Protein chains: 4
Amino acid sequence: MARPKTGDKRSAILQAATVTIASNGLGASTASIAKAAGVGEGSLFRYFADKDELLNELYRELKNNMRHAMTSGFPAEAALKVRARHIWDSYVSWGMDSPDKRKTMAQLSVSDRVLERIRQEGQAGFDGISATMQQIVDRGKLCALPPRFVNDLLLSMAETTMAAMANEPRKAERYRAAGFEAFWSAAAKK
Amino acid sequence: MARPKTGDKRSAILQAATVTIASNGLGASTASIAKAAGVGEGSLFRYFADKDELLNELYRELKNNMRHAMTSGFPAEAALKVRARHIWDSYVSWGMDSPDKRKTMAQLSVSDRVLERIRQEGQAGFDGISATMQQIVDRGKLCALPPRFVNDLLLSMAETTMAAMANEPRKAERYRAAGFEAFWSAAAKK
Amino acid sequence: MARPKTGDKRSAILQAATVTIASNGLGASTASIAKAAGVGEGSLFRYFADKDELLNELYRELKNNMRHAMTSGFPAEAALKVRARHIWDSYVSWGMDSPDKRKTMAQLSVSDRVLERIRQEGQAGFDGISATMQQIVDRGKLCALPPRFVNDLLLSMAETTMAAMANEPRKAERYRAAGFEAFWSAAAKK
Amino acid sequence: MARPKTGDKRSAILQAATVTIASNGLGASTASIAKAAGVGEGSLFRYFADKDELLNELYRELKNNMRHAMTSGFPAEAALKVRARHIWDSYVSWGMDSPDKRKTMAQLSVSDRVLERIRQEGQAGFDGISATMQQIVDRGKLCALPPRFVNDLLLSMAETTMAAMANEPRKAERYRAAGFEAFWSAAAKK
DNA sequence: GATGAATGAGGCTTCATTCAT
DNA sequence: GATGAATGAAGCCTCATTCAT
């Protein structure tokens with residue numbers, strides 16, 4: 001029996017990629033990622049066929065991670081605004097707790113090296129959240145529009161909020177609350 | 001592209017860079033940009049010391065271009081919401097009329113190759129707009145926060161709106177209007 | 001390919017190497033050969049110290065195989081031309097029956113990774129055949145030259161003949177016969 | 001005006017490739033070829049898009065070179081055997097005068113990296129020679145077969161002859177003559 | 001001033017080989 | 001003994017930048 005492929009190494013590479021890409025962009029070299037992971041240059045390619053596959057898997061990983069952060073503890077039975085606030089808070093917390101993940105995710109979201117197929121798979125599993133979004137839309141001002149739009153609006157407003165939070169950490173909580181209220185005003189029924 | 005008149009080479013390079021980067025990302029080679037500009041590979045470096053300078057100048061150029069689009073015809077005396085709507089509309093129009101500029105701007109905005117100094121210079125000159133933003137803040141729900149935050153909120157909401165417009169061109173105008181109302185609800189006094 | 005019985009691994013590797021090299025050239029990776037043999041990547045190196053040794057052993061194996069095909073049933077007592085024809089036919093049959101062996105042999109014959117020592121060992125054991133060659137030389141037009149030359153002439157003429165046969169299968173037998181007559185005319189007494 | 005692309009450099013690369021491939025096979029690295037040519041690694045790719053293109057151009061070059069050697073001074077009006085002998089001699093001389101060209105040509109002829117299209121282009125321009133081959137076929141023993149076959153036969157017999165000449169330089173001329181007689185006996189009318 | 005030929009550093013990827021299991 | 005995970009050297013190729021013309 002050969003040495004088993006340690007799941008650790010795969011994770012180490014993905015984590016190293018997150019950090020390295022966060023600070024150097026998608027142009028970060030595979031060599032630098034491997035080095036950051038404490039792994040030989042060639043080893044990276046045992047786990048990922050090529051750089052594009054690494055990028056796609058990283059997207060999937062981060063999306064999963066984000067989904068977990070947002071889904072766990074979701075108060076499915078609570079009032080609409082409470083649920084919305086949970087979505088907002090859990091997303092912002094995820095982003096602020098791991099700025100590298102957030103930055104890297106931002107780059108991947110914009111890159112055309114992430115396949116459409118992977119993107120769509122990434123949408124799955126946000127069930128409670130999607131349902132909530134749908135309700136916000138249905139009962140809100142934007143009822144004529146696809147929930148996707150509201151969802152994206154939330155993400156981009158949260159992004160802006162996080163940037164402000166990162167910039168002025170002392171006012172972080174104020175931004176977080178204000179950002180949510182802005183979103184809620186934008187989307188919910190008058 | 002034909003060989004541009006001598007004095008226009010700089011402009012030709014910037015324009016070619018806009019197009020080329022829009023479709024190939026910031027990794028677009030200087031050679032490909034020069035070629036698209038109808039200019040020799042080496043000539044590019046007579047106008048820009050290196051690629052980073054080109055990128056920074058391009059940022060400045062696009063920001064100027066955007067400023068011009070948003071500033072000209074600005075109804076400085078109109079009611080607040082009218083002015084806000086003008087800001088929104090002119091920004092969205094700028095982005096939808098020249099998708100290459102918008103895409104390239106998006107890449108530059110996120111890249112750390114654009115110096116902070118240049119970014120800040122780019123803020124200048126949006127006078128009427130800044131004043132309007134200030135008023136929106138002062139008179140609105142977000143009065144405790146810096147106008148910069150509201151400004152960024154507008155930009156990111158408009159960005160999301162433009163993405164939706166580009167995705168479903170038939171509903172474009174509906175998105176544009178809905179996006180603005182969302183922003184206005186988010187920022188203005190109840 | 002299923003996992004071969006333990007004792008057969010060596011053979012499985014050699015056979016897999018024949019097939020793989022025939023279609024991918026000597027650059028075929030050891031990993032691909034191992035895989036084709038249904039054997040672990042590392043196992044290959046338990047049977048062959050390194051790739052060069054594999055190549056040399058493969059040369060030896062194919063040469064042995066070819067010798068067997070040409071030697072068995074050799075009509076040692078028949079007339080000279082009959083024996084010559086048997087040499088020709090058995091060589092051509094060997095090559096046409098197993099194109100992979102022929103192609104791989106062609107690559108190995110030309111490669112400098114096969115040691116001169118191995119090449120020479122490969123000559124041995126063609127006893128009846130060598131004797132026949134000697135007679136062709138002695139009694140023929142080329143009597144002043146070493147039998148090795150005539151032997152090589154036969155091989156290369158047969159090679160050319162096989163290429164033509166492979167190219168136009170319908171005329172295969174015509175080529176086979178014509179090729180031999182050409183050789184016989186070239187080498188035998190007027 | 002930029003520095004003109006010196007035809008010399010292209011030639012230097014092709015020549016270096018000839019030498020390097022002759023001794024290291026088609027696996028010779030582009031770096032080693034560039035170095036042998038006294039040229040930067042990257043420069044090679046200004047003259048040839050990739051290694052395959054280099055190989056194809058090299059094939060063309062060598063074929064042209066060979067054609068020139070065989071065509072110039074061709075005694076178009078002479079007797080058939082005289083013309084055949086000229087073909088034989090000029091081909092053998094070409095091969096013996098430049099063993100590197102011969103070895104490299106041999107590798108290229110066998111490689112599937114040389115495109116069929118290039119191969120066919122290479123056939124062109126051997127007019128006097130093709131005509132002569134046709135006559136040898138028409139008037140000879142192999143009249144039922146395509147001239148291509150006789151042509152290939154000549155080449156392979158000459159190849160074998162050259163190998164012998166190279167092996168025993170002192171008997172070189174004897175081999176050259178004997179080889180031709182063998183060919184003539186094989187192909188011409190009794 | 002304009003050009004594009006020249007280049008080496010660096011990027012991605014493959015591969016023969018080693019060795020822990 | 002068998003395996004395949006691990007690896008770094010080496011291969012092909014790209015590219016920003018320099019500089020001869």
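Numbers restart at 1 for each chain; the letters A, B, ... are given by sequence-line order, proteins then strands. This structure is a prediction, so every number in the text was calculated from the model and none was measured.
- Atom CD1 in A/I33 sits roughly 11 Å away from atom P in E/dT13 (whole-Å rounding).
- Along DNA chain F, the nucleotide nearest to B/F45 and the one nearest to D/D50 differ in position, and the one closer to the 5' end is contacted by D/D50.
- Checking the phosphate oxygens (OP1, OP2) of E/dA6, no side-chain nitrogen or oxygen of D/R46 falls inside 4.0 Å.
- The shortest distance between the side-chain N/O atoms of D/T30 and the OP1/OP2 oxygens of F/dG11 is not below 4.0 Å.
- Atom-to-atom, CG of C/L54 to C1' of E/dT17 comes out at 14 Å; the value is rounded to the nearest Å.
- To the nearest angstrom, C1' of E/dT14 lies 16 Å from CD of A/E53.
- With the nearest nucleotide of DNA chain E identified for both C/G42 and D/L44, D/L44 has the one nearer the 5' end.
- Pair check for F/dC15 finds E/dG8; Watson-Crick or G-U wobble, both atom distances under 3.5 Å.
- For C/N65 (side chain) and C/E61 (main-chain N/O), no donor-acceptor pair under 3.5 Å exists by modelled atom type.
- The interatomic distance linking D/R113 (CZ) with F/dG11 (P) rounds to 13 Å, in whole Å.
- As rounded to whole Å, 11 Å separates atom C1' of F/dC12 from atom CG of D/D52.
- Position along DNA chain E of the nearest nucleotide to A/A49 versus B/G40 favours B/G40 as the more 5'-ward residue.
- Contact between the side-chain N/O atoms of C/S43 and the OP1/OP2 oxygens of F/dT3 is found at a separation under 4.0 Å.
- Between the B/R119 side chain and the B/S109 main chain, a donor and an acceptor come within less than 3.5 Å of each other.
- Side-chain contact check for B/L14 versus B/F48: some heavy-atom pair is nearer than 4.5 Å.
- A close approach under 4.0 Å does occur between a side-chain nitrogen or oxygen of C/Y47 and OP1 or OP2 of F/dA2.
- Residue whose closest nucleotide on DNA chain F sits further toward the 5' end, between B/G27 and A/V39: A/V39.
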#### Entry: Evaluation steps, side-chain contact (heavy atoms from CB on, under 4.5 Å), between A/R46 and A/K9
CA-CA 10 Å; A/R46 270 203 166 262; A/K9 208 151 273 184; over 6 Å; no

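- Atom-to-atom, NZ of A/K35 to C1' of E/dC12 comes out at 17 Å; the value is rounded to the nearest Å.
- Using a 4.0 Å heavy-atom cutoff across all strands shown, A/S29 reaches sugar-phosphate atoms only and no base atom.
- Among the heavy atoms of the strands lying under 4.0 Å from C/A28 are primed sugar atoms or P, OP1, OP2 only; no base atom is included.
- Distance C/K51 NZ to F/dA9 P: 20 Å, rounded to the nearest Å.
- Contact between the side-chain N/O atoms of A/K9 and the OP1/OP2 oxygens of F/dG4 is not found at any separation under 4.0 Å.
- No donor-acceptor pair under 3.5 Å is formed between the side chain of C/D112 and the backbone N or O of D/N24.
- Look at CZ on A/F48: it is 14 Å from C1' on F/dA5, rounded to the nearest Å.
- Pairing of F/dA20, defined by two Watson-Crick or G-U wobble distances under 3.5 Å, is identified with E/dT3.
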